[in-house]
Amino acid sequence: MATPVWHPQEEGVKEICGLLQEFRQPSVDQSRIWQQLQRCSQFPDFNNYLTFILCRAEGHSVEVRQAAGLLLKNNLKANYQAIAPAYQHYIKAELLPCLGSSDRHIRATVGTVISVVVQQVHVQGWPEIFQAIAQCLDSNDYNHMEGALDALSKICEDMPVELDSDVPGLSDRPINVFLPRLLQFFSSQHATLRKLSLGTVNQFIVSLPTALFINMDNYLQGLFSLADDPAPEVRKLVCAALVELLEVQPNFLQPHMRNVIEYMLQANQDGDEEVALESCEFWSAFCEARCTPELLREFLPRLITVLLTNMAYADDDEALVDADDDENGPDRDQDLKPRFHQSRVHGADGGNEEDEEDDDIINSWNLRKCSAAGLDILSTVFGDELLPVLMPLVQANLSQPTDAAWKAREAAVLALGAVAEGCINGLLPHLTQIVAFLVPLLEDKRPLVRSITCWTLSRYSKWIVQAVGHPDGHAQFDKVLTGLLRRILDSNKRVQEAACSAFATLEEEAAEELAPRLELILQHLMFAFGKYQRRNLRILYDAIGTLADAVGSELNEVKYLEILMPPLINKWQQLPDSDKDLFPLLECFTSIAQALGSGFSLYAEPVFVRCINLIRTQEVAKADPGRAGVAYDKEFIVCSLDLLSGLAEGLGSSIESLVSRSDLRDLLLQCCADDAADVRQSALALLGDLAKACAVHLQPHLPDFLNLAAKQLGSEVKDNVSVANNACWAIGEVAVKVRQEISPVVMNVITCLVPILTSTEGLNKSLLENSAITLGRLGWVCPDLVAPHMDHFMLAWCHALRSIRDDVEKEDAFRGLCAMVRLNPGGAVSAFVPMCEAIGSWHEIRSADLRSEIAQVLHGYKQLLSGPTWDQCMAALDPPMREKLVKKYQI
């Protein structure tokens, strides 16, 4: 029996159209209308009504029909499979004729809905749509061609790979059917059709189906024919295609590279900024694709001129609107960007990863920034070759003193910063002149000149600090430092931000050079603390924390603490437990606690108690936000755990009295088992720090802690490397404190560590080193358990030990090596040469006991191997390594 054809009730159409019309009114209670629409959606044929209104309700406004279409799209995306098959068929059948609707807005909405249906049923679930699109493309009717191209472009954007697959019901793969037609549209008289066809083909550059590979010459000819298209949106797509080809299929461009570079150079000066921006991406792509520099060399003089010109602020740059942002004006909500705390990383080389921060975080990507990024990466490829072209242009811009020429001056300063690293060899002899020119610009009338000067000086901070030992180097350093401190107190918020960020960079490089100037620095930073608003306070906290990291215990003097601590403690007390402004303050306190060590004990108890309360509150909020009175936010937990780690590291065993009077152990166990990786990461870091400071307070949960840590070293280690890294380090720290008590989990941990050490997948260096250290520590405290299995890991373990820097952790690992070899000397014979290389990796072993143990091991093997075998092993070592071992250990 045939399924009856669905027809809408006129009252239903009228009611839904009325609701959609009302929903569009700005003054109406939209939540009420939305609830009524949701009630309507309970009817199984509601989506049929929406389809009918979109496709057939020509008596209603286009806006209402579009609204119906967008609501239909969302419903299909969420619940397509739940719709009755007959209604699915109705929806698809109604959409097809509307591809060629006379109204372009309806066509566009229909194309969007069609692409959503294809996503749900996949290509094989609706072959008729591709037949319909092909018919429309061949129709010569503009509306049908445009509607079909629009739908096809959306389908290709969502699922390009599926279009290059065999489909039952179609004689050929969809891409094979459509690609020749799309290429023909490159020569259409209609700009929209040229744009849609080119944009659609571009979707296949990355996957490179056979159809495009075979037609690559035709595609490139089509691209080149569109290079000077009168429509800027088409020229933009040409540039985008050439950039993407360069990134993923550069070989196809190689024969045409000279012409492509010439074109991109012209496009980089296009009157349409979007075209210029798209083409500007080419220079970074060229360098990153490692194309032959020679291809670009002859164009450098013109290219650098274009880039420098484009680095000047455009008249409509949104940064110009904020340029005079006075410190007294309140921060807007949009100024307060989300911030993300980086969980603590511990152990070998842990925590040394640099934060890659956008140097100019206020505004969106634009031609100015893209040009500066291009100049930066070009300088890393061509180095000092750029300077004979660049420096005369920079000097010409800088020598324009009039206020009207400030944009040229600002662009010149930006260029000096952009090439600071790539061209440093050529610039270093002129560093004194560069700094002498930049420092006065810190006082420029224009805030944007002052702010970019801060950034550029920060780019040279490493070399400014290195020059301190040279004549006049101290005076130069002081000029930069005091200049940046003055700008930290600037009345312009943008300059404050740039100065704080630049000063933090200088602090990282200067370290102990800051100690004699600490009082001056603290006075400026804490004066800024009293005048900054929320946004820049966050950056100021970072500068204070970086200062503490840089100078360490030098900060632990009463006169400095009297300047530093009262404002911070006051802010700490003002902020409620639910205020996210606590995050950067917690981070700042973490650095200060580590720097001051026992000197932080005066402030420790209220800080410790607050952190415990924050964690406890958030654990409650996770289960029941109503009872907690705050919404759950794991970052409160992460920041609090990290501050407690800082306290444990700074106070050492003095933290024991605080831990013993708290429920930290139980809270920490919860955090080690948390679903969120960054919570586990910070919790495991604290576990290791508490093991070092007061391991006794981990009982009676020690087996639970160790099992949870070991669990992080399992099969998913690649997905959460930093969590595994901290888990591994924490197990090692616990092992050296509790010794034999760790024996129940030793084999479980060893079973996890060996695959990490023997992995060929290029795992994180820090994880490999921590794994090697922890394995050695377990071998030291439980050699009877680990030594029998040495032949499974000695080779990979010794390779990892070679790269670890000399420190106490490496000493522990080698104590483990010696302990295991004493019990099972045969287990290391097959890896004797790598073991010798690992021993030879020491620059200096400070422990006389360990030196003696290692010497005994080597002499023991000399006796064990004896004669020709020993000589062969020695011959396998590099001569310098062999001589080093013979000299140190008299073997």
Q: Apply the test side-chain contact (heavy atoms from CB on, under 4.5 Å) to residues H122 and M159: give CA-CA distance (whole Å), side-chain angles for both, the deciding distance (0.1 Å), then the verdict.
A: CA-CA 9 Å; H122 300 285; M159 45 206 318; 3.9 Å; yes
Q. Can you list the steps and then say if C611 with L664 is a side-chain contact (heavy atoms from CB on, under 4.5 Å)?
A. CA-CA 10 Å; C611 288; L664 174 58; over 6 Å; no
Q. Could you go step by step and tell me if K862 and L865 meet the side-chain contact (heavy atoms from CB on, under 4.5 Å) rule?
A. CA-CA 5 Å; K862 187 173 182 180; L865 299 172; over 6 Å; no
Q: Report the C-alpha distance between C671 and E619 in whole Å, list the side-chain angles of each, state the deciding distance to 0.1 Å, and finish with yes or no for side-chain contact (heavy atoms from CB on, under 4.5 Å).
A: CA-CA 9 Å; C671 293; E619 289 294 352; 3.6 Å; yes
Q. Can R616 and N613 be said to form a side-chain hydrogen bond (donor to acceptor under 3.5 Å, both in side chains), step by step?
A. CA-CA 5 Å; R616 192 185 299 120; N613 288 338; 2.8 Å; yes
**Q.** Pair D642-T590, side-chain hydrogen bond (donor to acceptor under 3.5 Å, both in side chains): steps then yes or no
**A.** CA-CA 7 Å; D642 287 349; T590 303; over 6 Å; no
Q: Under the salt bridge (charged side-chain N to carboxylate O under 4.0 Å, His left out) rule, what do E769 and K765 come out as? Steps first, then yes or no, please.
A: CA-CA 6 Å; E769 293 182 8; K765 179 173 179 279; 2.7 Å; yes
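Other residues, nucleotides and ligands place no more than 12 heavy atoms under 6.0 Å from the NZ atom of K711. Surrounding CD of Q466 are more than 12 heavy atoms belonging to other residues, nucleotides or ligands, all under 6.0 Å away. Within 6.0 Å of NZ in K462 there are 12 or fewer heavy atoms belonging to other residues, nucleotides or ligands.
Counting only residues at least two apart or in different chains, salt bridge (charged side-chain N to carboxylate O under 4.0 Å, His left out) contacts with residues 771-791 comprise E733-R777, R777-D812.
Scanning both residues, K810 and I804, for their nearest heavy atoms gives NZ-O, 2.8 Å. The shortest heavy-atom contact between T210 and D164 is N-OD2, 4.3 Å. Of all heavy-atom pairs between E247 and A285, the closest is CG-CB, 3.8 Å. Minimum interatomic distance between E509 and V465 (heavy atoms only, all atoms of both residues): O-CG1, 3.6 Å. Pairing each heavy atom of L877 with each of R882, the nearest pair is O-NH1, 3.0 Å. Among all heavy-atom pairs drawn from Y632 and I637, the shortest one is CE1-CD1, 4.0 Å.
Here E837 pairs with R802 under the salt bridge (charged side-chain N to carboxylate O under 4.0 Å, His left out) rule; sequence neighbours left out. Partners of D719 according to the side-chain contact (heavy atoms from CB on, under 4.5 Å) rule, which considers only residues two or more places apart in sequence or in another chain, are E716. Under the rule for a side-chain contact (heavy atoms from CB on, under 4.5 Å), the partners of V620 that lie at least two apart in sequence or sit in another chain are R627, A628. Residues meeting the side-chain contact (heavy atoms from CB on, under 4.5 Å) test with S866, sequence neighbours left out: none. The side-chain contact (heavy atoms from CB on, under 4.5 Å) check on D704 picks up L669, H701, with sequence neighbours excluded.
Although no hydrogens or angles enter the test, the distance criterion places no donor-acceptor pair under 3.5 Å between the side chain of N726 and the main chain of L684. Formation of a donor-acceptor pair under 3.5 Å by the N720 side chain with backbone atoms of V723 is not found in this model. Judged purely by atom type and a 3.5 angstrom limit, Q249 has no side-chain atom pairing as donor or acceptor with the backbone of L246. A donor-acceptor contact shorter than 3.5 Å links the side chain of H859 to the backbone of Y889. Judged by distance alone, with hydrogens and angles left aside, the side-chain atoms of N764 form a donor-acceptor pair with the main-chain N or O of L767 at under 3.5 Å. Although no hydrogens or angles enter the test, the distance criterion places a donor-acceptor pair under 3.5 Å between the side chain of R665 and the main chain of Q699. Judged by distance alone, the side chain of K737 and the main-chain N or O of A691 form no donor-acceptor pair under 3.5 Å. Side chain of S803 to backbone of A800: a donor-acceptor contact under 3.5 angstrom is found. Put simply, the side chain of S759 never gets that close to the backbone of I756: no donor and acceptor are under 3.5 Å apart.
Residue K888 holds its NZ atom at 6.0 Å from CD1 of I845, rounded to the nearest 0.5 Å. To the nearest 0.5 angstrom, S591 atom OG is 3.5 Å from D549 atom CG. Distance OH/Y603 to CG/L596: 7.5 Å, rounded to 0.5 Å.
Within the 4.5 Å cutoff, side-chain heavy atoms of I839 are placed close to those of M835. Residues W729 and T774 have side chains not in contact (no heavy-atom distance under 4.5 Å, counting atoms from C-beta outward). Side-chain atoms of L668 and L641, non-hydrogen and from C-beta on, do get closer than 4.5 Å to each other. Side chains of F583 and D633 form a contact here, defined as non-hydrogen atoms less than 4.5 Å apart. A 4.5 Å side-chain heavy-atom check between W842 and L850 finds at least one atom pair inside the cut-off. Residues S640 and Q618 are not in side-chain contact: their nearest non-hydrogen atoms beyond the backbone lie 4.5 Å or more apart. Using a 4.5 Å heavy-atom cutoff, the side chains of I742 and V749 are not in contact. At least one side-chain heavy atom of W797 sits under 4.5 Å from a side-chain heavy atom of M820.
The existence of a salt bridge linking R846 and E811 is excluded, since no basic side-chain nitrogen approaches an acidic carboxylate oxygen closer than 4.0 Å. In this structure, K634 does not pair ionically with D674, as no charged nitrogen and carboxylate oxygen lie closer than 4.0 Å.
Note: F832 and Y861 have tilted aromatic rings, judged against thresholds of 30 and 60 degrees for the angle between ring planes.
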